[in-house]
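Below is one structure, written out as structure tokens; the observations come after it.
A quick note: this is a predicted structure, and the numbers were derived from the prediction, not measured.
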Amino acid sequence: MNLIPVCFVTMVRGDHIMLKKWINHHANMVDNKSALHIFLHGDDPELRAIASECSVVTLPFDPTGELFEEARRRLFFGLAGALRGYYRHVIILDSDEFIIIDPNLKKSLSEHLCDRTYEGAALSPIGFDVVQRRSEELEPVNFTLPILGQRRFGFLDGVYSKPCIFQKQPAGGNQHTLEGEKWEIDPMIFLFHFRFFDIEYSEIINNERIALVAEFDKQGANHAIGTWKDRDKKFSKLLKIVDEEECPPLTGNLVESFRLLQLENYKSRGGRFMWKNSRRGPYEIPARFLNLL
């Protein structure tokens with residue numbers, strides 16, 4: 001059997017507008033939308049309709065949140081191994097994370113991945129956290145248009161340079177870390193993250209997440225999600241930095257120094273990830289990426 005080059009996996013609850021964007025974007029990287037595997041965290045007719053042409057599985061929603069992160073970790077790691085029986089690469093993302101191959105490469109993502117080799121269970125992209133620059137980007141994002149272009153600034157961030165392009169099932173770790181694996185970051189693949197990219201939208205999503213985690217906490221759940229109460233403070237800090245500091249263009253040299261820094265951190269920690277002090281910027285997104293997403 002000839003393996004299909006790539007598939008994408010995400011898990012979602014709510015966030016209807018973003019899932020629609022996620023599907024439309026990544027559908028351009030596969031031959032058929034059936035290679036987009038959408039896991040609904042609780043039944044949602046609107047989400048099922050949005051993902052009707054994709055491969056959809058509805059998972060039960062546990063209102064206590066008990067062991068939420070552990071269950072998700074087992075699901076994703078299991079899928080990384082199981083789907084490899086049909087696909088050469090299994091790309092696992094959140095619904096607000098989007099993969100883009102550098103246009104300078106002049107290859108599709110599938111062509112690039114099939115042409116290169118890497119050791120370890122998974123390959124990482126260059127993570128870029130998009131943040132609204134209020135002094136220049138006054139209007140709310142129009143989701144019917146490309147986001148990049150409406151938003152052009154943000155940070156290189158090690159949190160999103162995560163191992164998410166799998167060629168086998170990992171032995172251990174979580175959604176952002178793989179312990180004891182050989183690790184590579186591909187400077188030609190970018191992951192753009194949209195959580196703090198729009199003040200109005202981000203506040204709505206943050207408030208929904210804070211309320212959900214508060215409900216879990218009332219149950220005394222061992223959900224390991226964290227409080228989410230720091231998100232507003234983090235958002236305000238990032239908005240202030242992007243507004244007040246210079247945002248030089250993101251160059252290849254900046255990307256490469258960031259990549260090497262993350263790998264050195266990983267090596268110095270004995271094969272464990274270190275996200276503290278892993279953000280660099282703010283920078284302006286190169287023009288070649290604008291309007292691609």
Is the terminal nitrogen or CZ of R13 (NZ for Lys, CZ for Arg) located under 6.0 angstrom from the six-membered ring centre of F61 and within 45° of that ring's axis?
yes
Which of Y160, Y118, W183 passes side chain to side chain donor-acceptor pair (under 3.5 Å) with S124? Answer is W183
When you look at N32 and S34, which way does the side-chain hydrogen bond (donor to acceptor under 3.5 Å, both in side chains) test go after all the steps?
CA-CA 5 Å; N32 190 288; S34 64; 3.1 Å; yes
Report the distance from atom [atom1] of [X] to atom [atom2] of [Y], rounding to the nearest 0.5 Å.
{"X": "D94", "Y": "M11", "atom1": "CG", "atom2": "CE", "answer": "10.0 Å"}
{"X": "I91", "Y": "T10", "atom1": "CD1", "atom2": "OG1", "answer": "12.0 Å"}
{"X": "I189", "Y": "R116", "atom1": "CD1", "atom2": "CZ", "answer": "7.0 Å"}
{"X": "N2", "Y": "R88", "atom1": "CG", "atom2": "CZ", "answer": "10.0 Å"}
{"X": "L36", "Y": "K33", "atom1": "CG", "atom2": "NZ", "answer": "7.5 Å"}
{"X": "S55", "Y": "I38", "atom1": "OG", "atom2": "CD1", "answer": "8.5 Å"}

Flag the pair [X] and [Y] as a salt bridge only when some basic side-chain nitrogen lies within less than 4.0 angstrom of an acidic carboxylate oxygen.
{"X": "D102", "Y": "R288", "value": "yes"}
{"X": "E245", "Y": "K240", "value": "no"}
{"X": "D129", "Y": "R279", "value": "no"}
{"X": "D243", "Y": "R133", "value": "no"}
{"X": "R152", "Y": "E136", "value": "yes"}

Are [X] and [Y] joined in one hydrophobic group, where the rule is that I, L, V, M, F, W and Y side chains link up if heavy atoms are under 4.5 Å apart?
{"X": "L145", "Y": "F289", "value": "no"}
{"X": "V56", "Y": "V12", "value": "yes"}
{"X": "F8", "Y": "L3", "value": "no"}
{"X": "V141", "Y": "I17", "value": "yes"}
{"X": "L138", "Y": "V131", "value": "no"}

Kindly indicate whether the side chain of [X], heavy atoms from C-beta on, has any atom under 4.5 Å from the side chain of [Y].
{"X": "V30", "Y": "C7", "value": "no"}
{"X": "I101", "Y": "S108", "value": "no"}
{"X": "F166", "Y": "H89", "value": "no"}
{"X": "V130", "Y": "L148", "value": "yes"}
{"X": "I199", "Y": "R134", "value": "yes"}
{"X": "P146", "Y": "L292", "value": "no"}
{"X": "L191", "Y": "C164", "value": "yes"}
{"X": "H41", "Y": "R72", "value": "no"}

Are the aromatic rings of [X] and [Y] close, with centres under 6.0 Å apart?
{"X": "F194", "Y": "Y201", "result": "no"}
{"X": "Y283", "Y": "F153", "result": "no"}
{"X": "F128", "Y": "F192", "result": "yes"}

List the steps, then state whether ring pair (Phe, Tyr, Trp, His ring centres under 6.0 Å) holds for H37 with Y87.
CA-CA 12 Å; H37 296 263; Y87 303 94; 5.7 Å; yes
Which atoms form the tightest heavy-atom contact between [X] and [Y], and what is the distance?
{"X": "D15", "Y": "S95", "value": "OD2-OG, 4.0 Å"}
{"X": "G14", "Y": "L47", "value": "O-CD2, 3.6 Å"}
{"X": "K162", "Y": "P125", "value": "O-CD, 3.2 Å"}

Say whether T144 and N142, considering side chains only, have a donor N or O and an acceptor N or O under 3.5 Å apart.
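Their side chains do contain a donor-acceptor pair, which is all the 3.5 Å distance test asks for.
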Can you see whether H112 engages D186 through a side-chain donor-acceptor pair at a distance of less than 3.5 angstrom?
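There is such a pair (donor and acceptor under 3.5 Å, judged by atom type) between the side chains of H112 and D186.
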E139 vs Q150, test: side-chain contact (heavy atoms from CB on, under 4.5 Å). Steps then yes/no.
CA-CA 8 Å; E139 298 297 323; Q150 298 179 74; over 6 Å; no
Taking it one step at a time, do H26 and F98 satisfy ring pair (Phe, Tyr, Trp, His ring centres under 6.0 Å)?
CA-CA 8 Å; H26 294 107; F98 296 75; 5.7 Å; yes
Mark yes when over 12 heavy atoms from residues, nucleotides or ligands other than [X] sit less than 6.0 Å from its [atom1]; otherwise mark no.
{"X": "Y86", "atom1": "OH", "result": "no"}
{"X": "K107", "atom1": "NZ", "result": "yes"}
{"X": "D31", "atom1": "CG", "result": "no"}

Taking the inter-plane angle between the rings of F143 and F197 on a 0 to 90° scale, is it parallel (under 30°), tilted (30 to 60°) or perpendicular (over 60°)?
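Ring orientation of F143 relative to F197: perpendicular.
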Have a look at I185 and tell me which of I126, V255, L260 forms a side-chain contact (heavy atoms from CB on, under 4.5 Å) with it.
I126
Evaluate side-chain contact (heavy atoms from CB on, under 4.5 Å) for D198 paired with R151, printing each intermediate quantity in order.
CA-CA 8 Å; D198 186 82; R151 298 291 183 263; 2.8 Å; yes
Short question: side chain of W22, backbone of D96 - any donor-acceptor pair under 3.5 Å?
no
Under a 3.5 Å distance rule, please check whether T58 uses its side chain to pair with a backbone N or O of D43 as donor and acceptor.
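Here the side-chain-to-backbone pair does not exist.
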For F258 and S278, run side-chain contact (heavy atoms from CB on, under 4.5 Å): C-alpha distance rounded to whole Å, both residues' side-chain angles, the deciding distance at 0.1 Å, then the answer.
CA-CA 8 Å; F258 170 79; S278 69; 5.5 Å; no
Are L59 and L40 close enough, and set up right, to give a side-chain contact (heavy atoms from CB on, under 4.5 Å), and what steps lead you there?
CA-CA 6 Å; L59 300 170; L40 307 184; over 6 Å; no
